[in-house]
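By convention in this document, chain letters (A, B, ...) are assigned in the order of the sequence lines, proteins followed by strands, and residues within each chain are numbered from 1. Heavy-atom basis, side chains included; hydrogens, waters and symmetry copies ignored.
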Amino acid sequence: MPSFAAKTGNEAMAEAMRQINPDVVAAYPITPATEIVMIFSQFVADGLVNTEFVPVESEHSAMSACVGASSTGARVMTGTSSQGLALMYEILPIAAALRLPIIMCVVNRALSGPINIHCDHSDTMGGRDFGWIQMFSENAQEAYDNTLQAVKIAEKINLPAMATTDGFIIIHCMEKIEMLDTQDIQSFLGERKAQNSLLDLEKPVSFGGLDLQDYYFEHRKQMADAMDRAGDVILEVGKEFGKKFGREYGYFEEYQMADAEHVIVALGSTCGTTKAVVDDLRSKGEKVGLLKLRVFRPFPAKEIVTALSKAKSIAVLDRSDGLSTQGGQLYTEVCAALFENDKKIPVIDYIYGLGGRDISIDEIKSIYADLKKGNKNKINYLGVRE
Amino acid sequence: MTENKPGMNQDGSRQGWKSLPAGDIMEAGSADKFNTGDWRSDRPVFNAANCIQCLKCWVVCPDASVLVKDGKIVGFDYDHCKGCGICDFECPTKPEKRAITMEPERK
Ligand code: SF4
Ligand code: SF4
């Protein structure tokens, strides 16, 4: 039976890991994701899981151990944040290229420097082109649900997946979440059925041969194709999850979008605050809406364009800045999607919340006000001191 | 050849992304089916008369390219030998009576 519990985002993800009961977890602590593996290691010590827990000496080693373990056909998980994720960068595309469905709980935290431990999305945005599926969460419940679904999605398409949460905002705040029955989760996930295993003596295989001019391109194209097909898998798993457990998931949530003229597109916890603003403005008769994007990789461009097609103006909220001079990563991708589909809707970007800077209800209201007026700046830094 | 080489079609052309096994994962030991030693610059040459059959070269060769028959060294597998010279370095025979000498591929 499902049950309700008060959990922080970190606890929710650690509990999801306990209920998944992966074969191997290799991890290294880093603020603010430390708790996830700390709590999980307690589950290991208490005998609540059968997991082989590998306490490695760095995140580089953590991801390397995950690659090795996953190559044997095991179900493998880890968790990290910010610099820890950055230290894994070298191995992340290798995991994807070897088509290993490793699942990672990522707590979004600003990349150094300057050094900072609070939330922004620069860490996973830096890893957006490594062939990992990326799913963002608005709250602890979604962090829990996304972690569970990530396992099934990753193993169906043979690509690794990140389920992400906002540092401190979600992971250190306690919320009421619905926890599912462990047996139901197990039957939802089933066993991982790997096509190849490094430990299979009947069918010995080599992983990761040197792949030069004559084959590298074909293997990269296979990865692009898998990422393309991952979209349908994400929808299928989201539907099945909804049918079984009552909470259906898609690429995004459309909040008051049916007749919305002025729309915000955002990721993560800020969507919760934005919903409150939408409710408030709606009660005053304003036609405002929110497109809360859940899946950033693969990027569901077509579906986003359809969802935005009736809007008169759009603001994209980027909790990271690629320093490209062209706006945040979400902004450039939304713009590209709209351009490709010949939608000439004005889109403006708000880079906000870097290094954990709060975004307030009034600031979000000011964005909707800008949209109504028609803000002249394409790229805006919201909440920065001049 | 009846069996396909990994990554190759029957006609000897390379497989495309649609038919290539996913993920740069292939059957183990498939180097056996390819000539992987064609970029060697020096080759080890075996002088049977000087060999004391200690098998040291066979132990140290990183490419399993020292050929052994009935417990005795008989020569080298030049399809796979990379010419690293480790066998020559480790061979204990005297300088004036070498069992292995390294010779340039193109003199
Ligand atoms: S030269 Fe190197 S690869 Fe060739 S047989 Fe000697 S040890 Fe082996
Ligand atoms: S190391 Fe030299 S002497 Fe010993 S078996 Fe090899 S060739 Fe012969």
> Nearest 0.5 Å, what's the CD-CG distance between Glu27(B) and Asn196(A)?
Replying inline: 11.0 Å

> Between atom CG of Leu20(B) and atom CD of Gln222(A), what is the distance when rounded to the nearest 0.5 Å?
Replying inline: 5.0 Å

> Closest approach of Ala22(B) and Arg99(A), non-hydrogen atoms and distance?
Replying inline: CB-NH1, 3.7 Å

> Are there more than 12 heavy atoms of other residues, nucleotides or ligands under 6.0 Å from atom CD of Glu52(A)?
Replying inline: no

>> Heavy-atom pairs under 4.5 Å with chain B: which of His219(A), Arg220(A), Lys203(A), Gln195(A) has the most?
In response: His219(A)

>> With a 6.0 Å cut-off (strictly less than), is the heavy-atom count around CD of Glu340(A), excluding the residue itself, greater than 12?
In response: no

> What part of Asn158(A) gets closer than 4.5 Å to chain B, counting heavy atoms only: side chain, backbone, both or neither?
Replying inline: neither

>> I'd like to know whether CD of Glu96(B) has more than 12 heavy-atom contacts from other residues, nucleotides or ligands below 6.0 angstrom.
In response: yes

> Measuring from Lys18(B):NZ to Glu218(A):CD, what's the distance to the nearest 0.5 Å?
Replying inline: 12.0 Å

>> Please determine whether the number of non-hydrogen atoms from other residues, nucleotides or ligands lying under 6.0 Å from atom NZ of Lys302(A) exceeds 12.
In response: no

> Around Trp58(B), counting heavy atoms of other residues, nucleotides and ligands shown, do more than 12 lie under 6.0 Å from its CH2?
Replying inline: no

> Are any of the side-chain heavy atoms of Tyr215(A) and Arg14(B) separated by less than 4.5 Å?
Replying inline: yes

> Are there more than 12 heavy atoms of other residues, nucleotides or ligands under 6.0 Å from atom CZ of Phe339(A)?
Replying inline: no

>> Which heavy atom of Ser206(A) sits nearest to which heavy atom of Ala28(B), and what is that distance?
In response: OG-CA, 3.7 Å

>> Atom CG of residue position Leu212(A) - does it have more than 12 heavy atoms of other residues, nucleotides or ligands inside 6.0 Å?
In response: yes

> Measuring from Asp24(B):CG to Met223(A):CE, what's the distance to the nearest 0.5 Å?
Replying inline: 10.5 Å

>> So, taking the atom named CE in Met26(B) and the one named CZ in Phe207(A), what distance separates them when rounded to the nearest 0.5 Å?
In response: 10.5 Å

> So which of Gly7(B), Gly16(B), Ser30(B) has the biggest tally of heavy-atom pairs under 4.5 Å with chain A?
Replying inline: Gly7(B)

